[in-house]
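Single-structure report; data block below.
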Amino acid sequence: MNKKKQPEAGLLNVIAPMDLSFTHTGMQIGENTAKGYGVIRYAPNNPPGWLSRITNLPNSVVGITYEPIDEADMIDVIDGNINAAKKRSMDAKKQSEESRAEKEVAHSIKLFDELDDKGESIGLMSTVILPLASEQTFDRVERKTQSGAKKANCRMRNMANMQKQVFKEISPTYIPQPDVMDVTGRVVPLRTILGGFPFQKSGLNDSAGNYFSKDDGGGIVTLDMWKREGDRTNSNVILLGGSGAGKSTKLKDMLTDEYMLGHRIVAIDPEDEYKEQCRQFGGAWINAAGGGSGRINPLQIKEIPVDEDDDYYMDEGYGCGALALYLKHLETFFNLYSSAIDDYHMAYLKRTLIELYAAWNIGLDADVSALGNEQYPTVSDLVKLLEDKAKETGEKMYQDLVTLLWDMAYGADSYLFNGQTTIHADSRYTCISTAGLNDASDRIKRAQYFNILTWAWKELSENRKERAVLACDEVYLLVDPDIPQSLIFLRNAMKRARKYEVGIWVITQNVVDILGDKVKQYGQELMDNPTYKILMGIDGANLEKVAELYKLTEQEITLLEAKRRGHAVMMIGARRMHVRFEIPEYKFQYFGTAGGR
């Protein structure tokens, strides 16, 4: 049987001494002699872990107190420090004393700049040191303490006539002592204190994360985009920035990391910026602007992400089966394609679609999970049925719909929308290009972007065990101020993505369209949802919208206005930081040449 371990006598003597008495310059704590010292000067620039040289001194107890101070009071304190240092410089009799005082002036001015420009958290730091040992060995311990403080570039003094206050300052049973702070309090950034401990550092460290960036202090940010903790509830990203800010470069960097981790990627690429990267990784580049292998049949029923709190997809008398929900989705698609299709046209179109699907043995409540691409009708089938009904009934509505949808079935737009689906996403990296539509009308671009987005969501949400990223570049192309339903679909997908192990990354340089008056409700939800928000250089109306939405500080606005390439305001849940993207050189071989570097 193990014997009960006895408490260490020396530790008990310090915590609960049998005797406690104070002198002018020292104290007696039980059987130990001690002296209270206070640090009255710190080096202007300290290396990481500098405080460990003090806190790890043998046979010493160290107490550190930090008190944030009001900005106005802080400025007064800094001004006082500058004036005092200037006076010491003028009164100095030795060159070394004058040089030290001048460094203190420069350091105080730097503190003021950090407070003014970066919103740095600055306060008063007080450090007291209590060497203690037996009477026989105390002198040696005291000398080691003084030597250790000197190695840490600190100057300390004996707290004469304040030994009792020093003991209280260190003791866990007393509150900080104002008299001690008055003597030892020095203006120090909070970051300097945290960086002084070897177990603390600036930046952000996810233990299972990858190198992501550096913070403004040079601290490493390692990030696990799939971490679920606290307010990190999803893996969605919003990446905002003007042209040339470095959005595409950083996105390629992030996609490279996800690919290397074995995750699946689907990128919607309106500018062919990710084509080379896709091919570097042996992925599938698909031309969805008219290529034979890039067709998506808009009439092929796909899963619709429905938000339980949203009544847009409510039962309109057709039930809530796969086809019933998809009819509502098709309403958005056809409205994006042609603004001339009004509510009356849509009512006739829906009835015709139900009849068409029935002819293909697809009812309102049918299970479509096992149907293949060839088991769905196409747009030409729809227009043919509309033509037949126009002849049978003589109703003008049917003939109007034939006219409005003719190009989609037989004309210039048929290469995009007519025919059964030919697109496949068998690769771990699939790039869907719409660059060939850059000269097309906005209605064509919006309808095809919506069509691709619907297909991509269906592909990535099928396997809930596979982590996947859907990168939607230039998402403003999807926005029609008169048809907010396109944003509703994307918003709902972002809300549900976490349940499918999917991260939806939205990239845009045009915030004004997304937060326009007619679609602001949905655009704001889309920009609020992501856990990870990366704001790069923007200005003008875009910056005004972003500043209002995210309640940016003056320092953050100034940073974005400066448009420093590779610099960003980053939000991770509720945490905000100024980050610098320093991408390792070896990664650029995977980026290609499009989109800047």
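Quick note: numbers below take in every heavy atom, side chains included, and nothing from hydrogens, waters or symmetry partners. Nothing here was measured: the structure is a model prediction, and the numbers come from that model. One is the number of the first residue; the rest follow in order along the sequence.
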Notebook entry, point to check: Is the number of heavy atoms from other residues, nucleotides or ligands under 6.0 Å of Glu561 CD greater than 12?
Noted result: yes
Next item on the list: Of all the heavy-atom pairs spanning Val475 and Thr508, show the shortest one and how long it is.
Entry: CG1-CB, 4.1 Å
Checklist line | Straight-line distance of Ile265 CD1 to Met254 CE, nearest 0.5 Å | finding: 10.5 Å
Next item on the list: Apply side-chain contact (heavy atoms from CB on, under 4.5 Å) to the pair Thr531 and Thr233, showing each step before the final yes or no.
Entry: CA-CA 7 Å; Thr531 291; Thr233 58; 4.0 Å; yes
Next item on the list: Using modelled atom types only, decide if a donor and an acceptor are shared between the side chain of Glu102 and the backbone of Ser99 within a distance under 3.5 Å.
Entry: no
Margin query: The criterion is salt bridge (Lys or Arg N to Asp or Glu O under 4.0 Å); which residues satisfy it with Arg143, sequence neighbours excluded?
Written below: none
Check: Does some side-chain heavy atom of Leu255 sit less than 4.5 Å from a side-chain heavy atom of Tyr590?
Finding: no
Notebook entry, point to check: Roughly how far, to the nearest 0.5 Å, is the CD1 atom of Ile64 from the CD1 atom of Ile170?
Noted result: 10.5 Å
Notebook entry, point to check: If every non-hydrogen atom of Lys168 is compared with every non-hydrogen atom of Tyr174, which pair is closest and at what distance?
Noted result: O-CB, 3.3 Å
Next item on the list: Decide if atom CD of Glu554 counts as having more than 12 heavy atoms of other residues, nucleotides or ligands within a radius under 6.0 Å.
Entry: no
Check: What's the verdict on side-chain contact (heavy atoms from CB on, under 4.5 Å) for Val579 and Phe212, showing C-alpha distance, side-chain angles and the deciding distance?
Finding: CA-CA 9 Å; Val579 296; Phe212 189 83; 5.6 Å; no
Note to self: For Tyr259, give me all partners under ring-ring contact (aromatic ring centres under 6.0 Å, His included), at least two apart in sequence or on another chain.
What the structure shows: Phe281
Check: Are Gln509 and Ser243 close enough that a side-chain donor and a side-chain acceptor fall under 3.5 Å?
Finding: no
Checklist line | Side chain to side chain, Ile129 and Val39, heavy atoms closer than 4.5 Å | finding: yes
Notebook entry, point to check: Arg264 versus Leu460: any side-chain heavy-atom pair under 4.5 Å?
Noted result: yes
Check: Any side-chain donor-acceptor pair under 3.5 Å between Thr249 and Arg565?
Finding: yes
Checklist line | Backbone of Phe138 reached by a side-chain donor or acceptor of Lys35 within 3.5 Å | finding: no
Item checked: Between CG on residue Leu487 and CD1 on residue Ile514, distance to nearest 0.5 Å -> 7.0 Å
Item checked: ring pair (Phe, Tyr, Trp, His ring centres under 6.0 Å) evaluation trace for Tyr532 with Trp505 -> CA-CA 9 Å; Tyr532 306 95; Trp505 297 0; 8.9 Å; no
Check: Judged by atom type as modelled, is there a donor-acceptor pair below 3.5 Å linking the side chain of Arg580 to the main-chain atoms of Ser213?
Finding: no
Check: Considering all heavy atoms of both residues, which atom of Phe588 and which atom of Ile583 are nearest to each other, and what is their separation?
Finding: CE1-O, 3.7 Å
Next item on the list: Determine whether more than 12 heavy atoms belonging to other residues, nucleotides or ligands lie under 6.0 Å from atom CZ of Arg155.
Entry: no
Note to self: Taking Thr184's backbone N and O only, do any of them form a donor-acceptor pair with Ser126's side chain (distance below 3.5 Å, no angle check)?
What the structure shows: no
Notebook entry, point to check: Nearest 0.5 Å, what's the CG-CD distance between Asp91 and Glu98?
Noted result: 10.5 Å
Checklist line | Exam field: side chain Asn542 to backbone Asn510, donor-acceptor pair closer than 3.5 Å | finding: no
Next item on the list: Evaluate the side-chain proximity of Leu261 to Asn210: yes if any heavy-atom separation is below 4.5 Å, no if none is.
Entry: yes
Note to self: Quick check: closest heavy atoms across Leu515 and Gly523, and the distance to 0.1 Å?
What the structure shows: CD2-C, 3.8 Å
Next item on the list: Determine whether Asn59 and Thr137 make a side-chain contact, defined as any pair of heavy atoms from C-beta on separated by less than 4.5 Å.
Entry: no
Item checked: Minimum side-chain heavy-atom gap Ile29-Leu20 below 4.5 Å -> yes
Check: Out of His263, Lys227, Arg228, Glu258, which residue meets the side chain to side chain donor-acceptor pair (under 3.5 Å) rule with Ser235?
Finding: Arg228
Margin query: When you compare the side chain of Leu223 with that of Met570, does any pair of heavy atoms fall below 4.5 Å?
Written below: yes
Note to self: So if I apply the side chain to side chain contact (heavy atoms under 4.5 Å, CB included) rule between Ser21 and each of Met27, Gln163, Gln28, which one comes out positive?
What the structure shows: Gln28
Check: For the residue pair His567 and His578, does the interplanar ring angle fall in the parallel (under 30°), tilted (30 to 60°) or perpendicular (over 60°) class?
Finding: tilted
Check: Going from CD1 on Ile557 to CD1 on Ile538, what distance comes out if it is rounded to the nearest 0.5 angstrom?
Finding: 10.0 Å
Item checked: Atom of Leu535, atom of Leu560 and distance for their closest heavy-atom approach -> O-CD2, 3.2 Å
Next item on the list: Would you confirm whether Glu556, through its side chain, and Thr553, through its main-chain N or O, come within 3.5 Å as a donor-acceptor pair?
Entry: yes
Notebook entry, point to check: What pair of heavy atoms forms the shortest contact from Ala152 to Ile54, and how long is it?
Noted result: CB-CG1, 3.9 Å
Next item on the list: Using atom types as modelled and distance alone, determine if a side-chain donor or acceptor of Asp513 lies under 3.5 Å from a backbone N or O of Tyr476.
Entry: no
Checklist line | Backbone N/O of Met571 and side chain of Lys533: donor-acceptor pair under 3.5 Å | finding: no
Checklist line | Donor-acceptor pair, side chain of Asn236 and main chain of Met494, under 3.5 angstrom | finding: yes
Check: Would you call Arg467 and Glu501 a salt bridge, taking side-chain N to carboxylate O under 4.0 Å as the test?
Finding: yes
Notebook entry, point to check: Stepwise, does the side-chain contact (heavy atoms from CB on, under 4.5 Å) test hold for Arg576 with Leu552?
Noted result: CA-CA 10 Å; Arg576 297 181 179 217; Leu552 299 183; 3.7 Å; yes
Notebook entry, point to check: Quick one: are Arg232 and Ile572 in side-chain contact, heavy atoms under 4.5 Å?
Noted result: yes
Margin query: Let's go through Asp528 and Leu549 carefully: what are the C-alpha distance in whole Å and the side-chain angles of both, what is the deciding distance for side-chain contact (heavy atoms from CB on, under 4.5 Å) to 0.1 Å, and is it a yes or a no?
Written below: CA-CA 8 Å; Asp528 274 338; Leu549 176 62; 3.9 Å; yes
Notebook entry, point to check: Could Asp253 and Lys250 be called an ion pair, given the rule that one side-chain N must be under 4.0 Å from one carboxylate O?
Noted result: yes
Check: What distance separates Glu169 CD from Thr65 OG1, expressed to the nearest 0.5 Å?
Finding: 4.0 Å
Notebook entry, point to check: Are Lys587 and Asp257 within salt-bridge range, i.e. N to O under 4.0 Å?
Noted result: yes
Note to self: With a 3.5 Å distance limit and no angle check, can you tell me whether Gln165 reaches the backbone of Asp179 through a side-chain donor-acceptor pair?
What the structure shows: no
